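Working notes for the structure below.
Remember, predicted model here, so these are calculated numbers, not experimental data. These values consider heavy atoms only, across backbone and side chains, with no hydrogens, waters or symmetry-generated copies.
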Amino acid sequence: MSDTEKPKGYEPEKIEARWYDAWLENGYFKPEVNPGGKPFSIVIPPPNVTGSLHMGHALNATLQDILARWKRMSGYKVLWVPGTDHAGIATQNVVERELAKEKLDRHQLGREKFIERVWQWRAEYGGRIIYQLKKMGASCDWSRERFTLDEGLNEAVRTVFVRLYEEGLIYRSGRLINWCPRCRTALSDLEVEHEEEQGLLTLINYPFSDRSGHITVATTRPETMLGDTAVAVNPADERYKDAIGKTIALPLTCRAIPVIADPEVDMEFGTGAVKVTPAHDFNDEAMAKRQTPPLESIKVIGADGKMTPEAGAKYAGMDRYEARKAVVEDLRKLGLLVEEKKHVHAIGHCYRCKTVIEPLSTPQWYVKIAPLAQEAMKAVREERIRIIPDSWNASFFAWMENIKDWCISRQIWWGHRIPVWYCEGCGKIIVAMEAPKTCPDCGLVDPVQDDDVLDTWFSSALWPFSTLGWPGKNVKAEDLLEFYPTSVLVTAFDILFFWVARMMMMGLKFMGGVPFRDVYIHALIRDEEGQKMSKSKGNVIDPLIMIDKYGTDAFRFTLTAFAAQGRDIRFSEERVKGYRFFINKLWNATRFIQMNTSDGLVDINAGSAGLPSRWITSRFAAASRQVEQSLSEYRFNDAANAVYHFLWHEFCDWYIEMAKVGLQNENEAPGVKACLLKTLEGVLRLLHPFMPFVTEELWQGLPNGVRQGARHGESIMTACFPSGLHTDEQAEKEMGIVMDAVLGVRNIRGELNISPAAKIRIFITGASAGVVSVLQSYIDYIKKLAGASEVIFQAEDLKDKGAVSLRTGFTVCVPLEGLIDVKGELARLEKELKNISGDLEFVSRKLMNEDFVGKAPQKVVEKEKAKLEDLQAKKNGLLENIGRLKNLEAENG
RNA sequence: GGGCGGAUAGCUCAGUUGGGAGAGCACAGCCCUUACAAGGCUGGGGUCGCAGGUUCGAACCCUGUUCCGCCUACCA
């Protein structure tokens, strides 16, 4: 597009669409674009196939893309592996809901048909989130896209399972697990969400069998009393000393249960006597095991959350909550109910469907986790893995140190089938990569495979190496050699334990080395009130709507500028608007430069660079260093702010304004044009990782020969990232003097409301020869930026009546020939005097303090001394001028 | 119960080895100065939650405390 056609405003929808496909077609997302570079790799946290892009994904993808693009531009061989997660329970739930609409359930359909349905569903809707990631500009290598249920990943899963089993790190147990009666599956500890709820503590009298009275127990779950097999008291509890060993006639049943002693019983809580239901409570189960002989376990609640026949004919078939009411009512009728008091306690819920969890005894597979956790902790302790920000280390270690064995079997159909077979003849358990034809022990044919599938996180734990081809028969195993370990994992803290810790364990175990060097934990995005976004609260902001309204680049930049470490993000649409304006600024700066450089040939190496050009070049160097430094420390917001400030407040506010002067000057113009183009080209490259689309669009519009950063191909994506540039202290110092003079005049204008249209004369006094020489050289710039008709240097003694501004090393005076508002100016100067006097007093008191002068570093003392001098000079100047104005006021009566 | 994080301008937030506090937005004043009014210039505004301590010097380090949020935990 030529500059004459370039619209005045930036219109994202017109330009963002066309670049992504071009990048993709040219293979720029593949590591092969930098064949000789050092590898830099990231695996994406695979979003659920069921999902659609939310704010968390958007932030996550943006940060990864910034790193990927930055490293790619810096010459690294970058691989960003994308993919999705099969999300067992969540996906199965979705498809089951679809079936329900057809008045079907999965059992009617049968396992095979049901799985087919899920794959069908996945084919239809599973691509949505991928499309959305592309819309975000994610530079993933889509040719390497993976799915956690891929053939290759399945091979990895089976391999890991078999090896862990053979090493005794996977075992089967029938102990209590967390059971979701709605999903009808076991859950790991992590998949249970605890929430404080107002409940009831029910006190019940349990009569002794010998009719010698009763013992009162307290419970939050009265219905489980039908499965009680003991009442426990603390052996040290004087109140119940005589009760130990007695027998209780368990109400509503015809069973007798003993009173036992257990040191874990809290004497302070409730009545100090606790009913023991080993089949439905984790504590009670442990207590039952401690007894000799172990207590009996009676299951009164089934997998469906309904009472079993063992609960007694009356209650069998009742829902557990219905049974609770019935039990309490029946006890009341028997006169055994003492009271029900309000009681706040934490209740576990299924993280997928929020149903209250039921501890249930069913055979499940577990990973013996402690040995694996040890290795992961060691890796973090030895800094082979860095967690950033490191405040997460504490949480990580706290969790890892108390970690319990991981229940990995799930009673659902959608997932990796457990590679275990049972011989129906001899009961032999066969764990193998492939289905065995016969039982190795008894020779019976066709052992039956375990019905269950593995926890989704089991396959996710292998993601950093399974996606790269491990164990590698028919996949690109060379990726594994080249890109493992990955460079950094970018994720939010809510899956630190679910996923990150488990990847560490599996990576260390099976690859013999860490899966990633850095873990960058980014913020969670909340709404403007600081609430977690959730569909039920209705406060969800859809990233795609933001993109439609403001463009991907503005949206990405907002997320980046918000992404300070260690803090959650309160998202605000206003900020997105602000950053759209920023892009507009860039757009128009480019427009200006193109308008001024399109007149024939521009020699990019032309001219000797004047002070403003040397200055902006130096500032660009500083900005790019800041960006690079910040990115290397994952300080994304600092990086974004550095480039924002440079582009807007240094390049646009100062340099472009000064360039307008330089362009008028025949001698300077070629150099200024070259500098404008070079700086613009550089800042586009600096900005590209943050806002890929607009930078590509504008960069492509630059004249040939300017795009010097292009490494190969013709895209900013593969151009060099600005690096290793040097600042120019001398230029910055001199420019500082010029800017100081301009700011002085502007201050006077602003404060005295002098119209910008009014051209004024400026006097400069009290300047050293050096300062005069600098100001003299750039007099045209000062005139332009300060709106002056004339700049006059005068030795001393201002006879003109005017407004003054005391600068560092000189004074600016604007004579107003009679138009001056004496009172206004007097007020202005007195305000200034007050400020300066305050500062001066503080500094001089500091310097009079012997301790300060003696103990503070020399550098700090010197700085304070210089400050004192400057303030003193300004104060004197102010006093002098205030005196003159007062005389003037008196003369005028 | 344990742990972590936050409390800084009206709002949202920066503040990286402790050297008298910054940005964006909002606000006020003056300007359509031909890149941009989605803009320019100028300005007002904070006892850095509270109380102690360390230090020549504390938003920053230490102790205590209040409020808010989160994670974690088998007190029935």
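When the C1' atom of B/C25 is taken as reference, atom CZ of A/Arg575 falls 8 Å away, rounded to whole Å. Nucleotide B/A73 holds its P atom 11 Å from the CD1 atom of A/Ile403, rounded to whole Å. Counting to the nearest Å, the P atom of B/C71 and the CH2 atom of A/Trp392 are 9 Å from each other. For the pair A/Gln626 CD and B/U16 C1', the computed distance is 10 Å after rounding to whole Å. Look at OH on A/Tyr644: it is 14 Å from C1' on B/C13, rounded to the nearest Å. Following rounding to the nearest Å, A/Arg290 (CZ) and B/A76 (C1') show an atom-to-atom distance of 13 Å. In this structure, CZ of A/Arg635 is placed 5 Å from C1' of B/U16, rounded to the nearest angstrom.
A/Asn178 and A/Asp189 are linked by a side-chain donor-acceptor pair at a separation below 3.5 angstrom, with hydrogens and angles left out of the test. One side chain, A/Tyr634 or A/Asp518, offers a donor N or O that lies under 3.5 Å from an acceptor on the other.
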Worksheet, complete the sentence: Under a 4.0 Å heavy-atom criterion, the protein footprint on nucleotides 40-48 of chain B, written with B, S and -, is SSSSS----
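Within 4.0 Å of A/Glu268, counting heavy atoms only, lies no atom of the nucleic acid at all. Looking at heavy-atom distances under 4.0 Å, A/Asn753 makes contact with sugar-phosphate atoms alone, never a base. The residue A/Phe282 sits apart from the nucleic acid: no heavy atom pair falls under 4.0 Å. The residue A/His343 sits close only to the backbone: its heavy atoms come under 4.0 Å of sugar-phosphate atoms, none of a base. If you check every strand for non-hydrogen atoms under 4.0 Å, A/Arg221 touches nothing. Using a 4.0 Å heavy-atom distance criterion, A/Ala856 is classed as a base contact. Using a 4.0 Å heavy-atom distance criterion, A/His645 is classed as making no nucleic acid contact. Heavy atoms of A/Val265 sit under 4.0 angstrom from at least one base atom.
Here the CE-OG1 distance, from A/Met691 to A/Thr560, works out to 8.0 Å after rounding to the nearest 0.5 Å. Distance CD1/A/Ile357 to OH/A/Tyr351: 11.0 Å, rounded to 0.5 Å. For the atom pair NZ of A/Lys275 and CD1 of A/Ile204, the computed distance is 7.0 Å after rounding to the nearest 0.5 Å.
Cation-pi geometry between A/Lys585 and A/Tyr644 is not met at under 6.0 angstrom from the ring centre and within 45 degrees of the axis. Taking the centre and axis of the six-membered ring of A/Phe690, the NZ or CZ atom of A/Arg556 falls outside the cone set by 45° and 6.0 Å.
The P atoms of B/G57 and B/G19 are separated by 14 Å, rounded to the nearest whole Å. The gap from the C1' atom of B/G45 to that of B/C4 amounts to 34 Å, rounded to the nearest Å. A gap of 23 Å separates the C1' atoms of B/C36 and B/A28, to the nearest Å. Rounded to whole Å, the separation between the P atoms of B/G5 and B/U63 comes to 12 Å.
An OP1 or OP2 oxygen of B/A35 is reached within less than 4.0 angstrom by a side-chain nitrogen or oxygen of A/Lys660.
Both geometric conditions, a ring-centre gap below 5.5 Å and a plane tilt below 30°, are not fulfilled together for A/Tyr10 over the base of B/A38.
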